[in-house]
There are 2 protein chains.
Amino acid sequence: MEGSPHYRPLYRQVYDFLVKQISESVWRPSEPLPSEQALAEQLKVSQGTVRKAMDALVAERLIDRRQGKGTYVAEQTQERALFRFFRLAEPGGARKTPTSTEESVKRRAARSAEIQKLGLSKGDQVVEILRTRLVDERAVVFERNILPLRNFPDIDRKRPLPNALYAMFQQDYGVNIVSAEEELRADAATAEDARYLPVEIGAPLLQIERVAIALDGSRVEWRLSRCDTSQLIYAVTLS
Amino acid sequence: MEGSPHYRPLYRQVYDFLVKQISESVWRPSEPLPSEQALAEQLKVSQGTVRKAMDALVAERLIDRRQGKGTYVAEQTQERALFRFFRLAEPGGARKTPTSTEESVKRRAARSAEIQKLGLSKGDQVVEILRTRLVDERAVVFERNILPLRNFPDIDRKRPLPNALYAMFQQDYGVNIVSAEEELRADAATAEDARYLPVEIGAPLLQIERVAIALDGSRVEWRLSRCDTSQLIYAVTLS
DNA sequence: GAGTGGTCTAGACCACGCA
DNA sequence: GCGTGGTCTAGACCACTCT
């Protein structure tokens, strides 16, 4: 009793171990984990305990279980990464695949808003990406991404950038995005918006502000999207 | 093996049984279920199987487990129902509690858009509720609700309507809302919007269209909210 | 101390994928 | 037919709440 103020179930410890292996790339995306039995023996716990730990990882979409085959580290394919967080769709729900046109990629010192949103320190550098995203060959989103350079050391030298950045985050930098906090509001189109999107100044746009959260809880992307929702809608399911 | 094309695990059958008890109000909101052991004996399965079935119910927020005490049918208090689905908050995430002013409640025949959205039949009746919702004494949302009369027989005679309709749905009609599909877009304020909200015609508003889904999968509410997001934002966490 | 949910085990058996 | 994940059991013990 005394000496252990915080009770920590066995399966939690197994969970932490598994997360560690994945985040340190001991097991890499699309590779199989050892079987549940093998892990149970290695960690000296029962198969049920390993299973319970894995249940949480499945829920967080960090691993995939395939009955009869094995358990694999989930891979963020372009397709999967896109549809997980890109919410623009046709009214009714049919998902649309966007393409993206890169406008600019710049490295610079972080500004105070960015320092605050991303939990950086003064003097830290960031990479700013401006893109226009098209659906059905129509420009519908003008997007500004801010990435801490420390998490993505040479990202400003990679061209072209893929459509789904998060797949690249995982592949090239070992950064797994597990969730994103979004704040939406309606706003009038500015002159800058009108330069990138076929809208009139003053037209209503949907602004999406996103902070993406990595596996270790750190905030690794700040994104501001200005969306023309005259043809598309932003779809969410609350539960 | 033949004769059973669809494999149906035991815990699924237990799950179905529990859902049935709750949806038929055999166990009512805030009341305790029988203990896991008691249910296991009654249903002739092991405690672990009952537990696994209940895990799903916890995830769907239909029951609450309290260690040392028991398992209870989740109760949609005003507070809980509100914060579960009402997403307007201050920038940064601090939740705001809205109040509501009732503008009108009318019973009428369903229109074709409503028939389609709610899966009704021609000639079915609906109740239409118009409300203005205030945050910090400021009108920020103008809202139109469409409810099938068949699900809520005398709802047009209840006054005043509570702030959180879903708590009343559960309490008075046994209807549990488990999820909601929302479609958001930016739109310019119309003359009607300007009558209810302190905004200029043409100002950008956030429109939220929601279909609420009940425990049995049926769509029981269609809601259109027009929101002034000059002070507040719509907050979601994607995961 | 009695009763409830929560964890953990060891072992059996089922469903599935593949060679 | 073997190996993997998926289900199910019976029983032990732990943590928590209330009396």
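Since this is a predicted model, take the numbers as computed values, not measurements.
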| note | A:Arg51 atom CZ is separated from C:dA10 atom P, nearest whole Å, by 17 Å
| remark: Closest to the side chain of A:Tyr7, out of D:dA15, D:dT7, D:dG6, is D:dA15
| field | Gap between atoms CD1 and C1', on B:Ile63 and C:dG6 respectively (whole Å) | value | 14 Å
| query | So does A:Lys20 pair up with A:Asp216, basic N to acidic O under 4.0 Å? | reply | no
| Nearest nucleotide by nearest heavy atom, which residue falls closer to the 5' end of DNA chain C, B:Gln37 or A:Gly68? | B:Gln37
| said: For C:dT7 and A:Tyr11 - does any side-chain N or O of the residue sit under 4.0 Å from the phosphate oxygens OP1/OP2? | reply: yes
| task | Starting at atom CD of B:Glu36, determine the distance to atom C1' of D:dC8, rounded to an integer number of angstrom. | result | 15 Å
| message | Taking the minimum atom-to-atom distance to the side chain of B:Ser46, which one of D:dA10, C:dG6, D:dG5 wins? | response | D:dA10
| task | Please check the phosphate of C:dC18 (OP1 and OP2 only) for any side-chain N or O of A:Lys69 closer than 4.0 Å. | result | yes
| query | Taking atom C1' of D:dC14 as reference, at what distance in whole Å does atom CG of A:Leu10 sit? | reply | 12 Å
| task | For A:Gln13 and for B:Ser35, locate the closest nucleotide of DNA chain C by heavy-atom distance; then report the residue assigned to the nucleotide nearer the 5' terminus. | result | B:Ser35
| query | Rounded to the nearest 0.5 Å, what separation is found between the CG atom of A:Leu33 and the CH2 atom of A:Trp27? | reply | 4.5 Å
| CZ of A:Arg66 versus C1' of C:dA15: gap in Å, rounded? | 17 Å
| query | NZ of B:Lys52 versus P of D:dT9: gap in Å, rounded? | reply | 12 Å
| note | To the nearest angstrom, the OH-P distance between B:Tyr72 and C:dT4 comes to 10 Å
| request: Starting from C1' on D:dC8, measure out to CZ on B:Arg8 and report it in whole angstrom. | output: 17 Å
| How many angstroms lie between atom CD of B:Gln207 and atom CD1 of A:Ile233, to the nearest 0.5 angstrom? | 10.5 Å
| field | Nearest-neighbour nucleotide for the A:Thr49 side chain, D:dG5, D:dT9, C:dT9 considered | value | C:dT9
| At what distance, to the nearest 0.5 angstrom, does CD of A:Glu182 lie from OG1 of B:Thr237? | 9.0 Å
| said: Between B:Glu181 and B:Arg210, does any NZ, NE, NH1 or NH2 come within less than 4.0 Å of an OD or OE carboxylate oxygen? | reply: no
